[in-house]
Amino acid sequence: KHEAIETDIAAYEERVLAVVAVARELETENYHDIKRIAARKDNVLRLWEYLLELLKARRQRLEMNLGLQRVFQEMLYIMDWMDEMKVSEEDEDGGRRGSWSVERRARLEESRRLWKFFWEMAEEEGWIREKEQILSSDDCGKDLTGAVRLLSQHRALEDEMSGRAGHLQHTVREGQAMADAGHFGEDKIRERIADVQAQWAALEQLAAVRKKRLEEACSLHQFQADADDVDTWTLDALRIVSTADVGHDEFSTQALVKKHKDASAEVASYRSVIDALHEQAQSLPPEQVQAANVNERLAGIEERYKEVSELSRLRKQALQDALALYKMFSEADACEHWIDEKELWLNKVKSLLTSWFHVLNCSLMLIRRWSQFRDLVDQKKESLNSALGVQNYHLDCNETKSWIREKTKVIESTQELGNDLTGVMALQRKLTGMERDLAAIEAKLGDLRGEAERLAGEHPDQAKAITGRLAEITAVWEEMKETLRNREASLGEASKLQQFLRELDDFQSWLSRTQTAIASEDMPNTLAEAEKLLAQHEGIKNEINNYEEDYQKMRDMGEMVTQGQTDAQYMFLRQRLQALDTGWNELHKMWENRQNLLSQSHAYQIFLRDTKQAEAFLNNQEYVLAHTEMPTTLEGAEAAIKKQEDFMTTMDANEDKINGVVEAGRRLASDGNINADRIQEKAASIDDRHKKNREAAVELLMRLKDNRDLQKFLQDCQELSLWINEKMLTAQDMSYDEARNLHSKWLKHQAFMAELQSNKEWLDKIEKEGKQLVSEKPETEAVVKEKLAALQKMWTKLETTTQTKAQCLFDANKAELFTQSCADLDKWLVGLEGQIQSDDYGKDLTSMLENQVEVRQREVEELQSQAHVLRQEGKDTDEVDGRRKEVELKFKELLEPLQKRKDFLMASREIHQFNRDMEDEILWVEERMPLATSTDHGHNLQTVQLLIKKNQTLQKEIQGHQPRCDDIFERSQSILKADSPNVEAIQVRLSDLQQLWSLIIQETEKRHARLEEAHKAQQYYFDAAEAEAWMSEQELYMMSEEKAKDEQSSVAMLKKHQILEQAVEDYAETVHQLSKTSRGLVAANHPESERIGMRQSQVDKLYAGLKDLSEERRGKLEERFRLFQLNREVDDLEQWIAEREVVAGSHELGQDYEHVTREFARDTGNIGQERVDGVNRMADELINAGHTDAATVAEWKDGLNEAWADLLELIDTRTQILAASYELHKFYHDAKEILGRILDKHKKLPEELGRDQNTVETLQRMHTTFEHDIQALGTQVRQLQEDAVRLQSAYAGDKADDIQRREGEVLEAWRSLLEACEGRRTRLLDTGDKFRFFSMVRDLMLWMEDVIRLIETQEKPRDVSSVELLMNNHQGIKAEIDARNDSFTACIELGKSLLARKHYASEEIKEKLLQLTDKRKDMIDKWEDRWEWLRLSEYDGK
């Protein structure tokens, strides 16, 4: 198979050489695009050499595999022999031999595994070396396209290496397993593994270096391409700014100034491009920068750019100076002309003032004569216009008459063409577009009839001549129509054939264009491109479906036309129809393939879009998870948990999207998308990342919650610690030595101890929380225990200090402390009695008094404990008790009056507070009432919006004050029930407040409604004003009379107008919205409905007028553009026809087959016919549309059709001449090609006959394949013989001899090839028989050696029974020998037959036969001798 592949590839060598030869020929002819041709040629040669290297490497691998398989085959032979030996071994040594056999089999299995490992490693090494040659290439691309292509190929190679690495690792693991198991080839295995792994590492390093070089080459080529673009732009800019033309007057100079302004702006904007080029250069490697002279090139670009900038500045100054000069000249000329006029007028006035009456009479006479002169001028103008109309009529009549006669001549010239297929095809070319011309002529006649009627009515004296000219044209027209009818009648069925051929040409042109469009290799790189290509492809499908009916009709008509016809033209037509069928079927297949490819690309782009979104989600998640730190405060911990929970909620929301992307990717991969590997890899990556992010988020949330619990515990500890420290300062205060403050300190300390005891629970709670935290989170044990121990220590110290201070205070001076306390309480009670008896209820602070009472009550209670201590010490007990009871009695007597005063004070404060709040609310409402009742609604949109905002603010303030008013009303109920002396006044003010409050709410709502109406109206006026301003601006452009001077300017103006027209169309929505708004306002009875309706009518009229102007200007621009387009097409086509006429008129017949066929392809008229038809269609459309230059268009069309008809006649003549030369050169080419293939096949016929039976069978199969391959050559040889016979009958002399000689060379080479094939087949059969004979001899020889060894190794008998046993065994050997007689006979017969047919290895065969017979005789003799000996032994034993 590989040799067949080599043969097939070798056949392409001539084609490669032909491509190189054509490229050299184009290079010698200075082809304009020779760089592209040379690049393609180099690419073909590089690919050819790469293919040959791959072919050679594959042959080496196959040969190595073949050697390995031979070793395996020999091993199988040995194993079969071992099996036979195992069966034949029946003596007592059989077990030992069996164990040897098993051991050998195991070793052979290990050897097979070893060689299989070596073979796989050799294959991997060969692949590595093959890729090393590719990666070691210095070719980094000669341009940007080549470098990008090489980089793409390198990426494919990297993917192949990734796939190959898995197989290599598997093989290495198998080798390691064998080595670890103590294989006998352990050292070689480890050495081989190390060697291949080192080569693989070197290959990966080489690939990395290659990739870096290619990426750097891409960057360099991109820089060079951008630099070339900059150089091109610089040269163009230099040509523009270096011109010396500054205009010849003011108008031309102003135009140049405008152009130079645009050029200067472009020069200034190009600075960013050059800066970007500098950035590209900085990213290049230093060696490339130095080698490619990047810095020098940048310096040159900068220098030229500075030159352009300087020249631009100088030209700007020169143009401004020239403009100033021309303006001065214009103003001077105008001033001089004005002075001359005024001087003449002054002279006239001076002469006329001599007599006033004379002046008056002259003036009246001058006015009368002026009126007469104007009347005469008008009459003369009318007569001249009338005469001009008559003359134009006569000119139109002459042109139309000449036009009709030309078409009549064209129709008459078709009489000589005949009614056969050839004539019809020629007629088709002659009469192309005739029907459209006739329609245009008929329309022209209608215009002339109308013009004749008008002129005959205006000029009765010339009516006869006018109608006569019309009658002449009508007669010529009828004559042409009669000629056309006669021609159609004479054609009969040929007219249908003509119509069929025309439709066939149109259909083939469409088919070719559609196939070209479908065959596009453009692949979408974005989703928008994919959707666009799919839409375009679906449009092509609709177009194909529309052509389905035309195709079926054309097939039926074609079969009917060509049925039973044998003429060459009909045969050619049949071939065209067959090609049409093939093209139609291929079109559907191409569409389906392209549709499948685009659908997969579209799905892939959608997947990529969703993938980018999913990756953005995942990147954000990974960033957040990686940058979240543990807060060190409780607030931070709470915020972090909230943030993490929000983050996980967002993850949950995005999970469906990510899962959807993964599922979509897997579905695309399972459906077999062209990018399945990338899709599967991307989907797996996204799924893995999503799962990892989910696990990381859950783990992070748990850690944050743990940290929050820890921070809460630490904060509680911190707060308690601060509180303990604060209280410790109080407890350590020992400034109580003086008796004057001893009592107050004692009281404060008692309160302090009570506070300390109440906060004991705080410490217990913290200890409980700490223990729970340690049990749930053991990792916090150290921190928690340390904090708890510190708190416990501080608390114990605080309690000890407090107890010590209490004891010290009490022990300091118990009696003095008691006396001082009683005195203080007594003094306070006396002051309290005075306050209770006061009538002032407005300034009392009841809450402060109550607090003092509570404190003093605790002091009274403390007096009891102090008195008890003093009694125990025996100090003046009666006095102490009397003093204490006196204080307690006074205190109890003051409690009831104190409560009554509190009630009075509370009631007074409630009334005063209510009055104040009510007055404040009334004042607040009165302040805002003018704003709520205002009638100022604004005069424009801005003021209305400001007033609406102010009113909304007021409403919000009212809503904010509503709770305060409700509170006042609720409080009033309780105050009115309390029988207050000011009840009536309070009721009056409440009523005023209610009225004001209701009024301000109503007024703000009314004002809001009025402002909303005003806002709608002002918004409408604002939008309408903007619309009117925009439409007025567009009207100025639409009314412009500027005309294009060439096609380029017409295209620019048309594009500009299309943009503007689209903007006008889009603006319809704005106008419609304005109309809808106005109708809504009028329907709602808006106060300004009449004004709004009038304003909307103005907008609608202005928009309708703008659309009319837009359509009118578009028609003018399109008419101008189509005229320029037709002119260009006609000029290009006439030039193309002239070039083809030179080729068609050439007498050169070609030098060889390729030359003739290429010239013939150039002379075909398919492309030209399509172009001519296109131009004719354009011309007819312009004429039918009533183009102002219809006569010029018709003249262009007629001249083009005449030139095309002449070219077709030349092509027909030259085609007939080239046909004969084509056949002859084709015969020479075919003979040369067939002879070369025959000789190549002869050279590739191998001489090897094989080394064993398997290789011989392989060679026989290869030879059968070879013979099957050359059967196609036999068909070509027979066809060549037929062509030679046909050509020899057509040529004589040297040509006929040359044809016969070429035929003889091919036939002689063919016979030689057939003989060589037959000889090789015979030799292979003989070789196969030889190896079969040798195999039989080898098997028999081995068997005989085993038998002889068995006979010789029999043990000696010990008694009669052992003798009998040995004799029986010996007879078994005899039976086996007899059973082999047939094998010996077959082998000997085969050897004799080989000798009889004089085999090439007869000597070797004869020697083998002698060895076989001698060995057999020796075996039989040994058996006989042994038998005799056994018989004697039996006899002796008896």
Q) Hey, are His278 and Gln282 close enough side-chain-wise for a donor-acceptor pair under 3.5 Å? A) no
**Prompt:** Hey, are the side chains of Phe713 and Val774 touching, using non-hydrogen atoms and a 4.5 Å cut-off?
**Reply:** no
Minimal heavy-atom distance between Gln605 and Ala530, with the atoms involved, is CG-CB, 4.1 Å
Nearest heavy-atom approach of Ala603 to Leu668 is CB-CD2, 3.6 Å
Contacts of Asp42 meeting side-chain contact (heavy atoms from CB on, under 4.5 Å) (sequence neighbours excluded), chain-then-number -> Lys142
Fill in: Beyond-backbone contact of Gln711 with Gln715, side-chain heavy atoms, under 4.5 angstrom
no
Would you say Leu220 and Gln224 make side-chain contact, with heavy atoms under 4.5 Å?
yes
Report task. Could you walk me through whether Lys705 and Asp709 pass the salt bridge (charged side-chain N to carboxylate O under 4.0 Å, His left out) test, one step at a time? Result -> CA-CA 6 Å; Lys705 289 182 177 180; Asp709 296 340; over 6 Å; no
| request: Inspect the contact between Glu663 and Arg666 and indicate whether a charged nitrogen and a carboxylate oxygen are less than 4.0 angstrom apart. | output: yes
### Query
Do the side-chain N and O atoms of Asn673 and Arg678 include a donor-acceptor pair separated by under 3.5 angstrom?
no
Taking the side chain as every heavy atom from C-beta outward, state whether Ile544 and Ile540 have any pair of such atoms under 4.5 Å apart.
yes
**Message:** Surrounding CD of Gln205 (heavy atoms of other residues, nucleotides or ligands, distance under 6.0 Å), is the total greater than 12?
**Reply:** no
Of all heavy-atom pairs linking Ile679 and Gly665, the shortest is CG2-O, 3.2 Å
- Message: The test is salt bridge (charged side-chain N to carboxylate O under 4.0 Å, His left out); show your working for Arg192 and Glu125 and say whether it passes.
- Response: CA-CA 10 Å; Arg192 190 64 170 162; Glu125 184 177 11; 2.6 Å; yes
